[in-house]
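Structure first, then comments.
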Amino acid sequence: MVANASDELIGTWVRGWAEARGYETRHEGPIHAYRRTGQDAEHWEYVIHNPNAEQLAALATALNEHPGRRVTAFTKDIDALVSQASAAGLELVSQREALMVTDMTVQDVEPPRLEEGLHWEEKRDGSHAWVSLHRSSDGAVMASGHVAAIDDYAVFDRIVTAPEFRRRGYGSLVTRYLASIATESDADEGLLVASTDGYELYKYLGWTLLGTMAVLEAPNTQDGHERVGHTA
């Protein structure tokens, strides 16, 4: 049985995702926030689950006061969210990512076997683990990923396959390796944010959609900062 999206679950994802990048975080009730490395003090990004009209209005006020900020909202009803956000004075700038969950109790406890000529490299630091798949002949990194054990969850992140090695199943191998590491913790469920390109892979691997990630900004936000997604 897998979880439903909630304020607590979203906060757990933010912690695991942001800690892996060394981002500063804040958690105030249902509103979570992080600041990316290198951004100034004004560039906080809010994260919230299924916001209501009052919360969107308050966030719109904050974004208008601080044009460099934005909101990521998790929802199962994107049309309703966009309508409420528009009424609050916010506009949708992206819905290309989705939050997914899987049952960790059914994952393999052993890393997947590799064909000849490939090898794994692994690094651990406390509750975080990074793995990479290499071609042994020249050490080329073919695919890599990260997982963090946060409370009862395993937060998967940055699962990337190098362009020249895509569509060969290497991303799946990395995900399975990370899952085998996560089974060593007390995690009951796994969380990850998938891009539209990666969604089908994770669905094939048994992950379940929890909701769409909608990125909202105040109109005419032009602060010169690149808008990076959550899977990069």
Side-chain angles (χ1 to χ4, degrees), residues 2-21 23-101 150-151 153 155 157 189 191-199 207-232:
V2 295
N4 293 312
S6 64
D7 296 337
E8 180 181 3
L9 184 144
I10 299 306
T12 298
W13 173 78
V14 170
R15 283 177 56 199
W17 180 86
E19 284 181 7
R21 292 161 164 75
Y23 294 168
E24 184 179 355
T25 60
R26 295 176 180 174
H27 304 273
E28 298 179 6
I31 299 178
H32 314 279
Y34 63 88
R35 184 162 60 88
R36 296 176 189 261
T37 303
Q39 291 185 333
D40 60 42
E42 297 302 319
H43 283 74
W44 284 90
E45 303 189 26
Y46 302 107
V47 185
I48 188 169
H49 169 250
N50 200 29
N52 58 35
E54 182 179 355
Q55 290 169 329
L56 286 169
L59 289 167
T61 298
L63 267 60
N64 280 298
E65 291 176 353
H66 306 280
R69 300 185 181 185
R70 69 176 184 176
V71 175
T72 294
F74 290 83
T75 182
K76 285 189 174 181
D77 189 342
I78 188 66
D79 292 334
L81 174 65
V82 171
S83 177
Q84 285 188 313
S86 178
L90 297 173
E91 61 182 19
L92 177 71
V93 296
S94 174
Q95 58 178 58
R96 298 190 301 269
E97 297 171 325
L99 181 66
M100 305 187 76
V101 65
I150 306 292
D151 299 329
Y153 295 93
V155 180
D157 184 36
E189 294 171 317
L191 295 173
L192 64 75
V193 168
S195 65
T196 51
D197 292 335
Y199 171 78
W207 291 73
T208 301
L209 177 67
L210 283 178
T212 300
M213 295 177 67
V215 179
L216 307 169
E217 292 184 352
N220 303 315
T221 298
Q222 295 181 358
D223 62 355
H225 286 76
E226 180 184 3
R227 293 309 190 229
V228 180
H230 300 88
T231 56

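Taking both residues in full, the closest heavy atoms of Met100 and Ala194 are given as SD-CB, 3.8 Å, listed atom of the first, atom of the second, then distance. Between Gly89 and Pro219 the shortest heavy-atom distance is O-CD, 3.1 Å. Smallest separation of non-hydrogen atoms from Leu81 and Ala73: CD2-CB, 3.8 Å. In terms of heavy-atom proximity, Asn64 sits nearest to Ala218 at OD1-CB, 3.7 Å. Shortest non-hydrogen contact noted between Phe74 and Pro51 is O-CD, 4.5 Å. Residues Ala214 and Ile78 share a closest heavy-atom pair of CB-CD1, 3.6 Å.
Taking OG from Ser195 and CE from Met213, the interatomic distance works out to 11.5 Å, rounded to the nearest 0.5 Å. Interatomic distance, Leu9 CG to Ile150 CD1, rounded to the nearest 0.5 Å: 12.5 Å. With rounding to the nearest 0.5 angstrom, the CG atom of Leu99 is 11.5 Å from the OG1 atom of Thr72. Taking OH of Tyr34 as the reference point, atom CZ of Arg36 lies at 4.0 Å (rounded to 0.5 Å). Within the model, atoms OG of Ser86 and CD of Glu91 stand 9.0 Å from one another, a figure rounded to the nearest 0.5 Å. Between the CD atom of Glu8 and the NE2 atom of His32 there is a distance of 9.0 Å, given to the nearest 0.5 Å.
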| request: Could you give me the CA-CA distance, side-chain angles and deciding distance for Asn50 and Lys76, then say whether side chain to side chain contact (heavy atoms under 4.5 Å, CB included) is met? | output: CA-CA 8 Å; Asn50 200 29; Lys76 285 189 174 181; over 6 Å; no
| said: Between Val155 and Arg15, is the side chain to side chain contact (heavy atoms under 4.5 Å, CB included) condition met? List the steps. | reply: CA-CA 9 Å; Val155 180; Arg15 283 177 56 199; over 6 Å; no
| request: Under the side chain to side chain donor-acceptor pair (under 3.5 Å) rule, what do Arg70 and Tyr46 come out as? Steps first, then yes or no, please. | output: CA-CA 6 Å; Arg70 69 176 184 176; Tyr46 302 107; over 6 Å; no
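With contacts defined as side-chain heavy-atom distances shorter than 4.5 Å, the pair Thr25/His27 qualifies. Using a 4.5 Å heavy-atom threshold, the side chains of Leu209 and Val101 count as separate. In this structure, Leu92 and Val215 have side chains that are not in contact, with every pair of non-hydrogen atoms separated by 4.5 Å or more. Residues Asp157 and Arg21 are in side-chain contact: their nearest non-hydrogen atoms beyond the backbone lie under 4.5 Å apart.
Residues that satisfy the salt bridge (Lys or Arg N to Asp or Glu O under 4.0 Å) test with Glu24, not counting sequence neighbours, are Arg35.
Partner of Leu216 under the side-chain contact (heavy atoms from CB on, under 4.5 Å) criterion, chosen from Val93, Leu56, Val82: Leu56. Here the rule is side-chain contact (heavy atoms from CB on, under 4.5 Å) with Ile31, and of Asp7, Leu59, Val71, Ile10 only Leu59 fits it. Between Thr212 and the options Glu97, Gln95, Arg96, a side-chain contact (heavy atoms from CB on, under 4.5 Å) holds for only Gln95.
Tyr153 has its ring centre no less than 6.0 Å from the ring centre of Trp13. Under the 6.0 Å cut-off for aromatic ring centres, Tyr199 and Trp207 do not qualify, their centroids lying 6.0 Å or more apart.
With hydrogens and angles disregarded, a donor-acceptor distance shorter than 3.5 Å links the side chain of Gln55 to the backbone of Asn52.
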